[in-house]
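Predicted model only: the values in this text are computed from it and were never measured. In what follows, every heavy atom counts, from backbone to side chain, and hydrogens, waters and symmetry copies are set aside.
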Amino acid sequence: MSKAGIREIFFQDPTFNANIPYVERVCGLLKKHDFTWTCDIHHKNTDIAVLEMMKNSGCHGVQIGVESYKQESLNEFVPSKSDKAKTKQAFENCKKVGLQTLGYFIFGLNNEGEHDMNSTIDWAIELNPTFASFSTLAPDFGTKCYDEVMSDSINDKKSLYLPTDNSGKPVAINKLETTALRYKMLAKAYVRFYFRQSKMTQHFFKFKNWQNLWLNGYHLLRKKLVWR
């Protein structure tokens with residue numbers, strides 16, 4: 001890869017930092033060949049020393065799956081991420097060492113309603129990653145989550161006809177919401193997170209390509225991404 005002129009690598013592996021000796025070996029190799037890189041990581045094993053080692057080997061950004069604020073949802077679907085204090089510390093440590101962060105958030109877990117979705121948006125704002133990605137629950141075939149949501153009369157035998165997210169997977173709707181509410185909350189999440197004065201100022205002064213800025217603004221207005 002180095003000889004071919006490739007300079008940037010993305011490790012799409014949520015367990016990338018599960019084994020610290022492995023991370024040390026990978027960082028040594030990446031630093032040797034002068035790569036820049038980003039990766040998915042778990043909120044565990046995000047001590048300052050580990051993150052500094054990653055940054056010193058060329059890492060400039062990490063992506064962390066937060067999923068939801070609701071404790072019951074975390075306990076049932078992602079118990080390894082149920083410790084919200086560790087999640088918050090992970091983002092704080094990344095900021096301390098100068099790594100950009102992307103936080104992933106999901107709407108619709110564990111019969112979450114509008115109140116729960118608002119709490120997740122508040123949680124995203126409190127964590128304040130550099131970027132945030134909000135998506136809807138799209139359970140994979142063959143998982144416990146898929147079987148549970150499809151046993152609900154709302155979704156029963158409709159797996160081929162359910163609305164989908166941009167991945168093309170079926171979107172599960174629970175008893176406390178509707179498809180319209182789900183997408184209303186998605187739009188609200190992006191507006192509340194990105195249209196804060198502090199966040200807009202942060203990205204404005206870091207923007208390097210003004211042509212793309214104006215083009216993105218133009219397309220944003222055309223799509224009318226405004227929460228009502």
Side-chain angles (χ1 to χ4, degrees), residues 14 43 63-84 87-88 91 101-200 203 216-217 219-228:
H43 70 238
Q63 303 183 9
I64 304 175
V66 180
E67 319 314 357
S68 173
Y69 180 78
K70 189 175 182 180
Q71 193 64 52
E72 292 85 350
S73 297
L74 298 174
N75 293 343
E76 180 175 357
F77 293 102
V78 281
S80 68
K81 300 179 181 179
S82 60
D83 191 334
K84 289 187 286 190
T87 297
K88 186 173 183 178
F91 281 96
T101 54
L102 167 63
Y104 288 113
F105 302 88
I106 299 176
F107 288 157
L109 288 170
N110 198 42
N111 284 336
E112 294 181 347
E114 185 170 358
H115 172 76
D116 301 307
M117 296 180 198
N118 277 316
S119 295
T120 294
I121 298 172
D122 292 338
W123 184 223
I125 292 173
E126 181 179 344
L127 294 175
N128 197 28
T130 313
F131 305 98
S133 174
F134 301 91
S135 60
T136 66
L137 175 63
D140 290 326
F141 292 99
T143 63
K144 177 184 177 182
C145 179
Y146 181 86
D147 293 338
E148 288 180 352
V149 298
M150 292 308 295
S151 66
D152 192 304
S153 60
I154 298 176
N155 301 310
D156 187 33
K157 298 180 181 179
K158 298 178 182 178
S159 61
L160 298 179
Y161 307 101
L162 285 172
T164 60
D165 67 359
N166 57 14
S167 70
K169 299 175 182 176
V171 174
I173 302 299
N174 65 53
K175 296 176 182 178
L176 300 180
E177 60 175 340
T178 62
T179 303
L181 174 62
R182 179 80 65 87
Y183 287 103
K184 168 190 170 183
M185 295 306 294
L186 281 176
K188 180 180 180 180
Y190 280 107
V191 170
R192 284 195 58 200
F193 184 85
Y194 283 105
F195 282 74
R196 295 173 289 148
Q197 182 176 355
S198 59
K199 182 59 69 175
M200 294 176 67
H203 286 291
N216 289 339
H219 289 300
L220 180 67
L221 291 173
R222 286 197 62 186
K223 292 181 179 180
K224 299 179 181 180
L225 182 60
V226 178
W227 171 60
R228 295 189 176 94

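Expressed to the nearest 0.5 Å, how far CD of Q63 lies from OG1 of T130 amounts to 11.0 Å. Interatomic distance, N118 CG to K188 NZ, rounded to the nearest 0.5 Å: 3.5 Å. One distance of note links CE of M185 with CD of E114; it measures 5.0 Å at 0.5 Å rounding. Put simply, OG on S133 and CZ on F193 are 10.5 Å apart, with the number rounded to the nearest 0.5 Å. Atoms NZ and CH2, from K88 and W123 in turn, are 6.0 Å apart once rounded to the nearest 0.5 Å. If you take CG on L109 and CD on E76, they are separated by 8.5 Å, rounding to the nearest 0.5 Å.
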Does V66 form a side-chain contact (heavy atoms from CB on, under 4.5 Å) with K84? I'd like the steps, not just the answer.
CA-CA 9 Å; V66 180; K84 289 187 286 190; over 6 Å; no
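Between the side chain of R192 and the main chain of A189, no donor-acceptor pair closer than 3.5 Å is present. Between the S135 side chain and the I106 main chain, no donor and acceptor come within less than 3.5 Å of each other.
You'll find the side chain of I125 stays beyond 4.5 Å of the side chain of K199, heavy atoms only. Considering only heavy atoms from C-beta on, D116 stays 4.5 Å or farther from E72 through its side chain.
Scanning all heavy atoms of the two residues, the minimum distance from M117 to E112 falls at CE-O, 3.8 Å. Residues G103 and P129 come closest through the heavy atom pair N-CB, 3.9 Å. Heavy-atom minimum distance, K81 versus E67: NZ-OE2, 2.7 Å.
Surrounding OH of Y69 are at most 12 heavy atoms belonging to other residues, nucleotides or ligands under 6.0 Å away.
Evaluation of the side-chain hydrogen bond (donor to acceptor under 3.5 Å, both in side chains) rule for S119 yields no partner, not counting sequence neighbours. Among residues two or more places apart in sequence or in another chain, the ring pair (Phe, Tyr, Trp, His ring centres under 6.0 Å) test is passed with F134 by F105, Y190.
Among T136, L181, V191, the single residue meeting the side-chain contact (heavy atoms from CB on, under 4.5 Å) criterion with L186 is T136.
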